[in-house]
**Q** 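Okay, here's the structure, questions in a sec.
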Amino acid sequence: MSVPSREIRFADVDGIRLRIAVADGDDVRPPLLLITGIGASLDIAAPFERELNNHGLATISYDAAGVGESTQYTWPRRMSGVARTAERLLDVLGHDVVDVFGVSLGGVVAQQLAHQAPHRVRRLILAATGPGLGGVPGSPKVLWTLATPRRYYQPDYYRRVAGAIYGGLARQDPDALLHGSIARFQHRPTVRGYAAQLYSIAGWTSVPWLWRIRQPTLVLAGDDDPIVPLINGRILAWLIPHAHLRVVPGGGHLFVLEHPEAVAGQVAEFVSGDT
């Protein structure tokens with residue numbers, strides 16, 4: 001099997017400059033837009049993205065505003081504004097319709113995008129995420145640890161807290177989630193950019209309108225996720241009309257990095273319409 005080509009580029013989108021990764025696929029399906037979690041650059045998700053590409057999926061990923069090598073918003077935006085940036089990215093790249101995969105905070109952006117621009121989203125995959133207010137939050141201690149981007153700046157601190165905040169494989173081997181890369185600590189969020197992401201989600205909820213999401217939706221959730229407990233995946237699958245829940249046994253918050261090949265296989269099956 002040939003190695004899929006992956007191009008890193010920069011583009012002016014919605015008033016900021018985004019770093020984008022675009023990988024070719026088999027052109028049978030629309031590309032899959034990947035939206036990462038809070039503070040996470042596109043490099044962190046690269047092991048998972050490669051597995052998706054190996055399944056023939058074209059992918060688009062990007063550093064969110066104020067993360068990695070993307071510039072930050074002049075003024076912080078609420079979630080509708082963050083989702084608008086994702087939609088404007090599709091305009092710049094010339095894609096009318098995409099499938100969307102969002103993990104953690106990226107799953108919140110994905111929900112918002114499917115809600116406010118439903119004509120742009122064909123299929124929706126929500127991983128390790130929830131409905132915001134109306135869901136069940138993680139423990140206060142875990143959420144307090146997430147209040148700063150320190151785990152992106154200090155490798156020793158990351159290793160000290162990873163098991164408690166991410167669960168799953170991180171409890172035994174935090175370095176396994178790094179996949180031999182220093183990208184987590186190299187392409188990190190700015191403090192201001194991270195704070196803006198926290199602001200975007202503060203008070204947000206999708207509960208009143210989840211029933212309006214008509215796209216076929218795959219909800220993926222780990223049963224050892226301290227940040228977004230499994231019940232949140234069940235709430236999403238219950239409220240979204242055409243949703244199906246798959247639980248990752250023993251999966252932590254970063255199960256896409258614990259089992260990138262297996263999760264990519266499930267996603268490829270879903271977007272191919274085989275489920």
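These numbers come from the heavy atoms of this one structure, side chains and all, not from hydrogens, waters or symmetry mates.
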**Q** Just so I know, are the side chains of Leu93 and Ile60 near enough to count as touching, which here means a heavy-atom distance under 4.5 Å?
**A** yes
**Q** For Val103 and Ala128, which heavy atoms make the closest approach, and how far apart are they?
**A** CG2-CB, 4.3 Å
**Q** Does Arg171 come within less than 4.0 Å of Asp224, counting only side-chain N to carboxylate O?
**A** yes
**Q** Around atom CD of Gln154, are there more than 12 heavy atoms from other residues, nucleotides or ligands closer than 6.0 Å?
**A** yes
**Q** Under the 3.5 angstrom rule, does the side chain of Thr205 hit a backbone N or O of Leu133 as a donor-acceptor pair?
**A**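 Answer holds: yes.
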**Q** Identify the heavy atoms of Leu177 and Ala170 that sit nearest to each other, and give their distance.
**A** CD1-CB, 3.7 Å
**Q** Counting only heavy atoms not in Arg150, do more than 12 fall under 6.0 Å of its CZ?
**A**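 More than 12 within 6.0 Å, yes.
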**Q** If you define the side chain from C-beta out and look only at heavy atoms, does anything of Asp24 sit under 4.5 Å from Glu7?
**A** no
**Q** Given side chains that start at C-beta, do those of Leu32 and Leu52 come closer than 4.5 Å, heavy atoms only?
**A**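 Counting from C-beta outward, Leu32 and Leu52 do come under 4.5 Å.
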**Q** Let's go through Leu220 and Phe255 carefully: what are the C-alpha distance in whole Å and the side-chain angles of both, what is the deciding distance for side chain to side chain contact (heavy atoms under 4.5 Å, CB included) to 0.1 Å, and is it a yes or a no?
**A** CA-CA 9 Å; Leu220 298 170; Phe255 61 79; 3.6 Å; yes
**Q** If you round to the nearest 0.5 Å, how far is CG of Leu245 from CG of Leu218?
**A** 8.5 Å
**Q** Are Leu143 and Tyr157 connected in the hydrophobic side-chain network, where two residues link if heavy atoms are under 4.5 Å apart?
**A** yes
**Q** Looking only at atom types and distance, does a side-chain atom of Asn232 sit under 3.5 Å from a main-chain N or O of Val136, one as donor and one as acceptor?
**A**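 Looks like yes, one N/O pair under 3.5 Å.
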**Q** Rounded to the nearest 0.5 Å, what separation is found between the CZ atom of Phe10 and the CD atom of Glu69?
**A**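 Phe10 CZ to Glu69 CD: 4.5 Å, rounded to 0.5 Å.
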**Q** How close do Leu18 and Asp63 get, heavy atom to heavy atom, and via which atoms?
**A** CD2-O, 3.4 Å
**Q** What's the shortest heavy-atom distance between Asp225 and Val228, and which atoms?
**A** OD1-N, 3.0 Å
**Q** Measuring from atom OH of Tyr152 to atom CZ of Phe185, what distance do you get when rounded to the nearest 0.5 angstrom?
**A** 10.0 Å
**Q** Within a strict 4.5 Å, meaning less than it, do heavy atoms of the Val121 and Gln111 side chains meet?
**A**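 No, side chains not in contact.
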**Q** Please test Arg246 against Glu269 for salt bridge (Lys or Arg N to Asp or Glu O under 4.0 Å), starting from the C-alpha separation and ending with a verdict.
**A** CA-CA 13 Å; Arg246 287 191 180 179; Glu269 179 186 40; 3.1 Å; yes
**Q** Ser70 side chain to Gly66 main-chain N or O, any donor-acceptor pair under 3.5 Å?
**A** no
**Q** Taking the side chain as everything from C-beta on, heavy atoms only, tell me whether Arg214 gets closer than 4.5 Å to Pro118.
**A**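 With C-beta onward as the side chain, the pair stays apart.
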**Q** Sequence neighbours left out, what pairs pass side-chain hydrogen bond (donor to acceptor under 3.5 Å, both in side chains) with at least one residue falling in residues 193-204?
**A**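 For residues 193-204: Gln112-Trp204, Arg151-Tyr194.
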**Q** Hydrophobic clusters here meaning ILVMFWY residues chained together by side-chain heavy-atom distances under 4.5 Å, can you tell me if Trp144 and Val191 are in one?
**A** no
**Q** Kindly say whether Arg184 contributes a backbone atom to a donor-acceptor pair with the side chain of Tyr158 at under 3.5 angstrom?
**A**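 Such a contact is absent between Tyr158 side chain and Arg184 backbone.
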**Q** Assess the pair Phe101 and Phe48: is the distance between their ring centroids shorter than 6.0 Å?
**A** yes
**Q** How about Gln116 and Ser80: does a side-chain donor come under 3.5 Å of a side-chain acceptor?
**A**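 Side-chain D/A pair, Gln116 to Ser80: absent.
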**Q** Using 0.5 Å steps for rounding, measure from the OG atom of Ser61 to the CG atom of Asp43.
**A**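 Answer for the OG-CG pair, Ser61 versus Asp43, is 8.5 Å.
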**Q** Going by an N to O cut-off under 4.0 Å, is there a salt bridge joining Asp12 and Arg88?
**A** no
**Q** In Å, rounded to the nearest 0.5 Å, how long is the span from CZ of Arg17 to OG1 of Thr71?
**A** 8.5 Å
**Q** To the nearest 0.5 Å, how far apart are OG in Ser104 and NE2 in His253?
**A** 3.0 Å
**Q** Please confirm whether the backbone N or O of Asp96 pairs with a side-chain atom of Arg120, one donor and one acceptor, at under 3.5 Å?
**A**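 Yes, the answer is positive, given that a donor and an acceptor are paired below the 3.5 Å cut-off.
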**Q** Is Arg123 close enough and on-axis enough to Phe270, meaning under 6.0 Å and within 45°, for cation-pi?
**A**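 That pair qualifies as a cation-pi contact.
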**Q** Are the side chain of Thr36 and the backbone N or O of Ala40 linked by a donor-acceptor pair below 3.5 Å?
**A** yes
**Q** I need the minimum non-hydrogen distance between Glu49 and Ala21, along with the two atoms involved.
**A**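 Looking at all heavy atoms of both residues, the closest pair is OE2-O, 4.3 Å.
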**Q** Not counting sequence neighbours, which residues clear salt bridge (charged side-chain N to carboxylate O under 4.0 Å, His left out) with Arg192? List them please.
**A**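 Per chain and number, Arg192 pairs via salt bridge (charged side-chain N to carboxylate O under 4.0 Å, His left out) with no residue.
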**Q** Give a yes or no on whether Arg234 atom CZ has more than 12 heavy-atom contacts from other residues, nucleotides or ligands under 6.0 Å away.
**A**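 No, CZ of Arg234 has 12 or fewer neighbouring heavy atoms, counting only those of other groups under 6.0 Å.
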**Q** If we check side chain to side chain contact (heavy atoms under 4.5 Å, CB included) with Ile227, which of these qualifies: Leu254, Thr145, Leu146?
**A**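 Single side chain to side chain contact (heavy atoms under 4.5 Å, CB included) partner of Ile227 among Leu254, Thr145, Leu146: Leu146.
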**Q** Are the side chain of His244 and the backbone N or O of Thr217 linked by a donor-acceptor pair below 3.5 Å?
**A** no
**Q** Under a plain distance cut-off of 3.5 Å, with no hydrogens placed, do Tyr73 and Thr85 share a side-chain donor-acceptor pair?
**A**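 Yes, Tyr73 and Thr85 have a side-chain donor paired with an acceptor closer than 3.5 Å.
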**Q** Heavy-atom distance under 4.5 Å between the side chains of Glu51 and Val256, does that happen here?
**A**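 No, their side chains stay 4.5 Å or more apart.
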**Q** Taking all non-hydrogen atoms of both residues, which atom of His119 and which atom of Val97 are closest, and how far apart?
**A**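 What the structure gives for the nearest pair is O-CG2, 3.5 Å.
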**Q** Using a 3.5 Å distance criterion without hydrogens, assess whether the side chain of Asp223 forms a donor-acceptor pair with backbone atoms of Pro249.
**A**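 Pair absent, no side-chain N/O of Asp223 close to backbone of Pro249.
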